[in-house]
Amino acid sequence: MYVWPCAPVLAQYIWYHRASMTGKRLLEVGAGVSLPGIMAAKCGANVILSDSAALPQCLENCSRSCAQNNLTTVPVLGLTWGEVSPDLLTLPPIDIILGSDVFYEPKDFEDVLVSARFIMERNPNAEFWTTYQVRSANWSIDALLHKWDLRCVNVPLREFDADRECLAGSALPGRHSIQMMIITMKRDPLC
């Protein structure tokens, strides 16, 4: 049960856009303790939480976070990045995919984007809202975005009051270098 520094930043973005959350259909991937998903559910979104099917402790953490926040009807699914599963195939329509610090290990970057792309193929207007901690200037997803016909818009943290060391009374994100981006399908794959 650990909240990574990117989670409060993504939760802040959701809070900043809380008026538009009611009725939105969200899937949080790699949810862990689920701070962004819990925030979205508290703001009126229909949320599904997910983490790796191979990590039952992470799925239990999602369930515990829901219980502690009186969100007992929020589904928790085992979805592993880069793998097609019955739960992935039977997802209901999704408007927004949430991912806090899912770009942690470069070996997982493509699996994360392939999973997001698969969901967006079924939901062409879906957006992938993600925050990540800059860990190396040599790590990039640009080539993978191009490969999978995705585009990315960086969202400056100052646009949603997240450009400070303390958010909502928490010392997370601290002095970590955190970025926010929104990934969507390219509207014209020839671009």
Side-chain angles (χ1 to χ4, degrees), residues 3-4 6-52 58-59 62 65-66 69 71 73-82 85 87-104 108-109 111-133 141 144-145 148-157 159-162 167-168 173 178-187:
V3 177
W4 292 90
C6 293
V9 175
L10 187 53
Q12 174 77 6
Y13 189 77
I14 293 163
W15 178 251
Y16 193 81
H17 293 282
R18 65 191 174 276
S20 65
M21 287 291 110
T22 302
K24 291 285 187 191
R25 302 162 301 188
L26 278 75
L27 169 68
E28 184 175 3
V29 296
V33 297
S34 317
L35 178 62
I38 296 291
M39 174 65 75
K42 291 286 191 177
C43 290
N46 299 312
V47 175
I48 299 170
L49 301 175
S50 72
D51 212 311
S52 174
C58 290
L59 297 172
C62 292
S65 291
C66 288
N69 286 280
L71 296 169
T73 61
V74 171
V76 176
L77 302 177
L79 298 177
T80 302
W81 303 327
S85 67
D87 283 335
L88 181 65
L89 293 173
T90 58
L91 279 175
I94 300 293
D95 299 309
I96 300 167
I97 305 163
L98 300 174
S100 171
D101 216 3
V102 294
F103 294 105
Y104 181 81
D108 295 328
F109 290 2
D111 287 343
V112 171
L113 290 173
V114 165
S115 297
R117 172 65 190 210
F118 181 85
I119 294 165
M120 289 180 200
E121 282 284 334
R122 299 169 142 223
N123 304 275
N125 294 317
E127 297 180 336
F128 180 16
W129 296 1
T130 184
T131 50
Y132 66 97
Q133 181 177 337
I141 63 169
L144 294 171
L145 290 169
W148 293 102
D149 289 324
L150 298 168
R151 68 182 190 96
C152 171
V153 174
N154 289 308
V155 180
L157 301 187
E159 287 186 7
F160 57 100
D161 298 327
L167 289 176
I178 296 173
Q179 303 291 315
M180 163 96 194
M181 59 186 167
I182 297 176
I183 298 171
T184 57
M185 287 191 355
K186 285 185 180 174
R187 299 297 178 222

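What you see is a predicted model, and the numbers here were worked out from it, not measured in a lab.
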J.: Taking the side chain as everything from C-beta on, heavy atoms only, tell me whether P36 gets closer than 4.5 Å to T131.
T.: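 Not touching, per the 4.5 Å side-chain cut-off.
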J.: Counting only N and O atoms by type, is there a donor-acceptor contact under 3.5 Å from the side chain of R18 to the main-chain atoms of W15?
T.: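 Between the backbone of W15 and the side chain of R18 there is a qualifying donor-acceptor contact (under 3.5 Å).
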J.: Measuring from L26:CG to E127:CD, what's the distance to the nearest 0.5 Å?
T.: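 Reported value, rounded in 0.5 Å steps: 10.5 Å.
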J.: From N125 CG over to D95 CG, what is the distance, rounded to the nearest 0.5 angstrom?
T.: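 If we round to the nearest 0.5 Å, N125:CG and D95:CG are 8.5 Å apart.
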J.: What distance separates T90 OG1 from L77 CG, expressed to the nearest 0.5 Å?
T.: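 If I round to the nearest 0.5 Å, the distance is 7.5 Å.
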J.: Go through the structure and list residues passing ring-ring contact (aromatic ring centres under 6.0 Å, His included) with F160, not counting sequence neighbours.
T.: Y13
J.: Step by step, would you call V29 with S115 a side chain to side chain contact (heavy atoms under 4.5 Å, CB included)?
T.: CA-CA 9 Å; V29 296; S115 297; over 6 Å; no
J.: I want to check something: taking the side chain as every heavy atom from C-beta on, are D101 and I178 in contact at a cut-off of under 4.5 Å?
T.: no
J.: In sequence, state the C-alpha distance, the side-chain angles, and the governing distance for W129 and I14, and then conclude on side chain to side chain contact (heavy atoms under 4.5 Å, CB included).
T.: CA-CA 9 Å; W129 296 1; I14 293 163; 4.2 Å; yes
J.: So does R25 get a backbone contact from the side chain of N46, meaning a donor-acceptor N/O pair under 3.5 Å?
T.: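 Not at all, since once roles are kept as given, no pair shorter than 3.5 Å links the two residues.
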J.: Let's go through L144 and V114 carefully: what are the C-alpha distance in whole Å and the side-chain angles of both, what is the deciding distance for side chain to side chain contact (heavy atoms under 4.5 Å, CB included) to 0.1 Å, and is it a yes or a no?
T.: CA-CA 9 Å; L144 294 171; V114 165; over 6 Å; no
J.: Do side-chain atoms of D51 reach the backbone of G32 as a donor and acceptor pair under 3.5 angstrom?
T.: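 Yes, because the side chain of D51 sits within donor-acceptor range (under 3.5 Å) of the backbone of G32.
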J.: Tell me the closest heavy-atom pair linking Y132 and C6, and the distance in Å.
T.: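 Smallest heavy-atom distance, with atoms named: C-SG, 3.4 Å.
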J.: What is the minimum heavy-atom distance between V76 and L59, and which atoms define it?
T.: CG1-O, 3.7 Å
J.: Just verifying a value: how many Å separate M120 CE and D149 CG, rounded to the nearest 0.5 Å?
T.: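 Rounded to the nearest 0.5 Å, the CE-CG separation comes to 12.0 Å.
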J.: Which pair of non-hydrogen atoms, one from M181 and one from I141, has the smallest distance, and what is that distance?
T.: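 Distance-wise, the nearest heavy atoms are CE-CD1, 3.4 Å.
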J.: Evaluate N69 against M39 for side chain to side chain contact (heavy atoms under 4.5 Å, CB included), listing each step before the verdict.
T.: CA-CA 10 Å; N69 286 280; M39 174 65 75; over 6 Å; no
J.: Give a yes or no on whether the backbone of L79 and the side-chain of S85 come within a donor-acceptor separation of less than 3.5 Å.
T.: no
J.: Taking the six-membered ring for Trp, are F103 and F109 parallel (under 30°), tilted (30 to 60°) or perpendicular (over 60°)?
T.: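 Correct class here is perpendicular.
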J.: If I take atom CZ from residue R122 and atom CZ from residue R117, how far apart are they, to the nearest 0.5 angstrom?
T.: 13.5 Å
J.: Would you name the heavy atoms of G99 and V102 that are closest together and state the gap between them?
T.: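 Looking at all heavy atoms of both residues, the shortest contact is CA-CG1, 3.9 Å.
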J.: Calculate, to the nearest 0.5 Å, the distance between atoms CD1 and CZ belonging to I96 and F128 respectively.
T.: 12.0 Å
J.: Quick check: does any side chain N or O of S50 sit under 3.5 Å from a backbone N or O of E28, one acting as donor and the other as acceptor?
T.: yes
J.: Using every non-hydrogen atom in the two residues, find where I94 and A126 come nearest and quote the distance to one decimal.
T.: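 Result for this residue pair: O-CB, 3.6 Å.
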J.: Taking atom NZ of K24 as the centre, does the number of heavy atoms from other residues, nucleotides or ligands within less than 6.0 Å exceed 12?
T.: no
J.: Please name the pair of heavy atoms, one in V74 and one in A41, separated by the smallest distance, quoted to 0.1 Å.
T.: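 Minimum heavy-atom separation between V74 and A41: CG2-CB, 4.4 Å.
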